[in-house]
Amino acid sequence: TMSTLRPFLAVDYYGMGFSEECQCEESEFVRFTDYAASVNDILLKHQIQKFVPVGGLKGTNPALALANLAGPGRVDHVVQIAPLMLPPSAIDYMLNKFIPSIMNPPIKSDGSHLLDVWKDASAAPFGPDGKPDSGTVDLLANEEKTIDFLICRNNGARAKNQQAWVDFNGKIPEAVKSVSRHAQFLFIYATYVDAD
């Protein structure tokens, strides 16, 4: 049990989850540093002075940007769950192949684009055999992931999030160095990783 109750605030990136869409052109995106500034404004509006930024996968990057922006006195701890950083070859792939491939994706007449998302093991509750877990809670989580993907697919948020990730990638080492001067990091990695 926790000895101290702590407020919890979760903010999705623009166009993801229940957040508003980015009001920008197709080729534009919101940088993670700008997104962190918006989240910081929300925290200050709700009089949250001290907090622990938590992020998973690509979400570790805006959490890191927020910790760096808020600085000492406000952030003493940062939680990074399976943080991601791209090597140079991956940046080239993201910019020249992957991001262009996910912009304006086609809707397939047989609906297989929906099933492809359902079967995608990334950020979904999958067991060690690489197949979806059949527990009710896990199936609901996978359904939420699928619906969220469709929302992001239709508003361009998925491509914009990828662009923001690539943009912030080179800033990660300096941000970690800066934040580590005033905060402790907890890095969490899964014991099982699907290699497919």
Side-chain angles (χ1 to χ4, degrees), residues 1-2 4-19 30-33 35-36 38-40 42-43 48 50-71 74-87 90-91 94 98 117 120-133 135 137-149 151-152 157-158 160-196:
T1 62
M2 291 180 56
T4 306
L5 293 176
R6 298 181 189 269
F8 180 84
L9 176 70
V11 182
D12 288 318
Y13 183 76
Y14 294 100
M16 304 287 228
F18 293 102
S19 287
V30 177
R31 288 179 164 72
F32 283 158
T33 49
Y35 170 68
S38 295
V39 173
N40 190 50
I42 293 169
L43 291 166
I48 299 172
K50 288 189 70 107
F51 58 95
V52 178
V54 177
L57 303 171
K58 283 188 291 294
T60 59
N61 295 307
L64 177 61
L66 178 60
N68 198 27
L69 173 70
R74 293 190 65 208
V75 174
D76 296 329
H77 301 89
V78 180
V79 179
Q80 302 266 285
I81 304 167
L84 300 173
M85 186 171 175
L86 298 164
I91 291 172
M94 293 291 289
F98 183 71
V117 177
D120 181 4
S122 62
F126 277 66
D129 60 356
K131 296 179 182 168
D133 285 340
V137 172
D138 291 338
L139 291 172
L140 288 171
N142 204 49
E143 180 180 54
E144 181 180 345
K145 175 208 66 157
T146 304
I147 292 169
D148 189 49
F149 174 84
I151 293 168
C152 296
R158 183 171 179 226
K160 293 178 186 309
N161 185 284
Q162 302 292 342
Q163 290 169 306
W165 178 30
V166 171
D167 174 72
F168 188 74
N169 191 71
K171 300 172 181 75
I172 294 171
E174 187 56 40
V176 168
K177 183 178 177 182
S178 174
V179 172
S180 68
R181 292 185 184 117
H182 63 83
Q184 294 180 324
F185 281 87
L186 172 61
F187 293 100
I188 301 172
Y189 290 94
T191 55
Y192 176 81
V193 176
D194 184 7
D196 291 337

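On a predicted model such as this, the values are computed, not experimentally measured, just so you know.
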To the nearest 0.5 Å, how far apart are CZ in Phe8 and CD1 in Ile48?
11.0 Å
For a quick test of reading the model, state the closest non-hydrogen atom pair linking Gln80 to Leu64 and the distance between them.
NE2-N, 4.1 Å
Would you confirm whether Tyr13, through its side chain, and Val30, through its main-chain N or O, come within 3.5 Å as a donor-acceptor pair?
yes
Quick one: OG1 on Thr33 to CG on Asn40, what's the gap to the nearest 0.5 Å?
12.5 Å
For Val52 and His77 the tightest heavy-atom approach is CG1-O, 3.4 Å
Taking atom CG of Asn61 and atom OH of Tyr35, what is their separation to the nearest 0.5 Å?
12.0 Å
Ile188 side, atom CD1; Ile81 side, atom CD1 - distance, nearest 0.5 Å
4.5 Å
For Ala36 versus Pro62, what's the shortest heavy-atom pair and its separation?
CB-O, 4.2 Å
What closest approach, in Å, do Phe168 and Ala175 show between heavy atoms, and which atom pair accounts for it?
CZ-CB, 4.3 Å
Please confirm whether the backbone N or O of Asn142 pairs with a side-chain atom of Thr146, one donor and one acceptor, at under 3.5 Å?
yes
Give me the atom names and distance for the closest heavy-atom approach of Val75 to Ala183.
O-CB, 3.7 Å
What distance do Arg181 atom CZ and Asn68 atom CG have between them, rounded to the nearest 0.5 Å?
9.5 Å
Those residues at least two apart in sequence (or on a different chain) that pass side-chain hydrogen bond (donor to acceptor under 3.5 Å, both in side chains) with Ser180 are none
Between Ile91 and Met94, is there a side-chain heavy-atom distance shorter than 4.5 Å?
no
Chi angles and distances behind the side-chain contact (heavy atoms from CB on, under 4.5 Å) call for Leu86, Trp165
CA-CA 9 Å; Leu86 298 164; Trp165 178 30; 3.5 Å; yes
Salt bridge (Lys or Arg N to Asp or Glu O under 4.0 Å) with Lys58: which residues, sequence neighbours excluded?
none
Closest non-hydrogen atom pair between Ala67 and Val179, with its separation:
C-CG2, 3.8 Å
Verdict with supporting geometry, Phe51 and Leu66, side-chain contact (heavy atoms from CB on, under 4.5 Å)
CA-CA 10 Å; Phe51 58 95; Leu66 178 60; 3.7 Å; yes
Identify, with sequence neighbours excluded, every residue that meets side-chain hydrogen bond (donor to acceptor under 3.5 Å, both in side chains) alongside Asn169.
none
Flag the pair Phe187 / Thr60 as yes when at least one side-chain heavy-atom distance between them is below 4.5 Å, and no otherwise.
no
